[in-house]
Amino acid sequence: MTVAAISCIEYARDAGLYGVAKTTVDRAIAVCASLPSDGRTALRLRFERARLTALAGDIAAAEAEYRAMLDIQRRFLHDADPHILWTQHALAHVLDLSGDLDGAEAEYRAVLEGRLRTLGIDHIDTLWARHNLAWITGQRGDLAAAEAEYRAVLEDRSQILGCDHPHTLYTRHALAWVLGQRGDLAAAEAEYRAVLEDRSQILGCDHPHTLHTRHALAWVLGQRGDLAAAEAEYRAALDGQTQLLGEQHPHTRSTFRALSDLLHRVEPQPTTGSSDKDQYWWSFSGGNS
């Protein structure tokens, strides 16, 4: 039953059906608690629950769960064990989301070191750590270094997984973000449009990752002065996120704020001097998105 449940959880999560995945994982944990278990299954289910908790926007609860899991894992496993590295990776992600860049970078570097030692530089798990460290580098303002690393990861992912694999699309999305932050808005728009087309075909128009790319494209369009097109993209993203994730989800709220800021630019205002905010990125990654 548990193996089937994990498969269902992964399928629902990857499809963006987070509510279905959360219900399934809660039921599986309840069943697992009532049956003899080897401990690994229980930890795997806790990992999935923490991941879904983060996706739902409860970052503090996800961080607490990941730290509790690490405490248990470190009693029985060595530091480079894949299970520990994935929990560290997930912890780094929620630390990033909470604004703790130092903590996130330290965890990501520990994960990268462990994976380089055990898996090699081009392993798909290592590429995740490289991708996310590039994100931290960009967040710290070193956009040139971030772009260089994203391009290197993109080349490896394209060769290993294919140009349209979901992991590759994560890196293409992130590269578009760097290009936009560096001021190359035309290149950023072109890349976002390509990613949006691929994600729409592969994941579906209403998948959270597709909607996130639509949000990012809207930001670029706004920066380029095409406010009508930007508004249309924001509204499409907002409608999808509201229906799928709910009004209070961080992705939905981020798009609502971005649309409000855009409308503030479009409509005449009684006062002057306000500045636009470029806070459009709320990372999935992963995934970063």
Side-chain angles (χ1 to χ4, degrees), residues 1-34 37 39-73 82-100 104 107-108 111 125 128 131-132 135 166-167 169-170 173 199 203-204 206-213 215 240-255 281-289:
M1 180 271 179
T2 306
V3 174
I6 289 174
S7 296
C8 290
I9 293 162
E10 292 175 339
Y11 178 84
R13 186 196 66 226
D14 292 344
L17 303 174
Y18 301 144
V20 174
K22 181 64 164 56
T23 299
T24 306
V25 77
D26 286 342
R27 289 176 178 173
I29 288 174
V31 171
C32 187
S34 66
S37 173
R40 295 183 181 181
T41 300
L43 284 172
R44 174 62 188 280
L45 290 170
R46 287 181 66 179
F47 182 90
E48 291 294 340
R49 182 172 62 184
R51 190 173 182 181
L52 290 164
T53 299
L55 287 169
D58 193 345
I59 306 305
E63 178 184 346
E65 182 70 355
Y66 285 136
R67 290 191 183 280
M69 289 178 60
L70 278 173
D71 287 343
I72 295 171
Q73 290 172 325
H83 297 89
I84 284 184
L85 294 178
W86 270 116
T87 305
Q88 279 187 277
H89 189 124
L91 174 61
H93 177 64
V94 296
L95 290 173
D96 172 26
L97 293 178
S98 69
D100 184 0
E107 295 293 345
Y108 278 138
V111 171
D125 291 351
W128 267 124
H131 171 108
N132 288 325
W135 163 250
H167 294 189
L169 294 177
Y170 268 111
H173 180 116
R199 280 184 160 171
L203 302 174
D206 294 329
H207 190 281
H209 298 174
T210 307
L211 296 172
H212 188 56
T213 300
H215 175 133
Q241 289 168 335
T242 301
Q243 292 179 18
L244 182 67
L245 303 173
E247 293 182 354
Q248 298 305 312
H249 191 280
H251 293 191
T252 310
R253 294 168 63 185
S254 175
T255 302
W281 181 277
W282 199 92
S283 174
F284 260 114
S285 32
N288 305 353
S289 230

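For the single chain, residues carry numbers from 1 onward in sequence order.
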Q: Using side chain to side chain donor-acceptor pair (under 3.5 Å) as the criterion, list what pairs up with Arg253, not counting sequence neighbours.
A: none
Q: Determine whether Thr23 and Arg27 make a side-chain contact, defined as any pair of heavy atoms from C-beta on separated by less than 4.5 Å.
A: yes
(Q) A side-chain contact here means heavy atoms from C-beta on lying under 4.5 Å apart; do Asp206 and Gln243 qualify? (A) no
Q.
So which atom in Thr242 and which in Glu247 form the shortest heavy-atom distance, rounded to 0.1 Å?
A. CG2-CG, 3.7 Å
Q) With Thr255, which of His249, His215, His212 fulfils side-chain contact (heavy atoms from CB on, under 4.5 Å)? A) His215
(Q) Run the side-chain contact (heavy atoms from CB on, under 4.5 Å) test against Ala50 and tell me which residues pass, sequence neighbours left out. (A) Glu65, Tyr66
Q: Report the residues that fulfil side chain to side chain donor-acceptor pair (under 3.5 Å) with Thr24, sequence neighbours left out, ordered by chain and then residue number.
A: none
Q: Would you give the length of the straight line joining atom CG of Asp96 to atom CG of Asn132, rounded to the nearest 0.5 angstrom?
A: 8.0 Å
(Q) Please check: side-chain N/O of Thr210 versus main-chain N/O of Gly204, any donor-acceptor pairing under 3.5 Å? (A) yes
Q. Looking at CD1 of Ile72 and CZ of Arg46, how far apart are the two atoms once the value is rounded to the nearest 0.5 Å?
A. 4.5 Å
Q) Counting only N and O atoms by type, is there a donor-acceptor contact under 3.5 Å from the side chain of Thr53 to the main-chain atoms of Arg49? A) yes
Q | Minimum heavy-atom distance between Ala54 and Ile59, given as atom pair plus value | A | O-CD1, 3.8 Å
Q | Heavy-atom side-chain proximity of Leu91 to Leu70 below 4.5 angstrom | A | yes
Q | Any side-chain heavy-atom pair of Leu211 and His251 under 4.5 Å | A | no
**Q.** Contact check, side chains of Leu43 and Gln73, non-hydrogen atoms, under 4.5 Å
**A.** yes
Q.
Apply side-chain hydrogen bond (donor to acceptor under 3.5 Å, both in side chains) to residues Glu63 and Ser98 and explain how you reach the verdict.
A. CA-CA 9 Å; Glu63 178 184 346; Ser98 69; 4.7 Å; no
Q) What is the ring orientation for Trp128 with His131, classed by angle as parallel under 30°, tilted 30 to 60°, or perpendicular over 60°? A) perpendicular
(Q) Strictly distance-based, threshold 3.5 Å: is any side-chain N or O of Arg199 a donor or acceptor partner for the main-chain N or O of His209? (A) yes
Q. If you measure from CD on Gln88 to CE on Met69, what distance do you get to the nearest 0.5 Å?
A. 12.0 Å
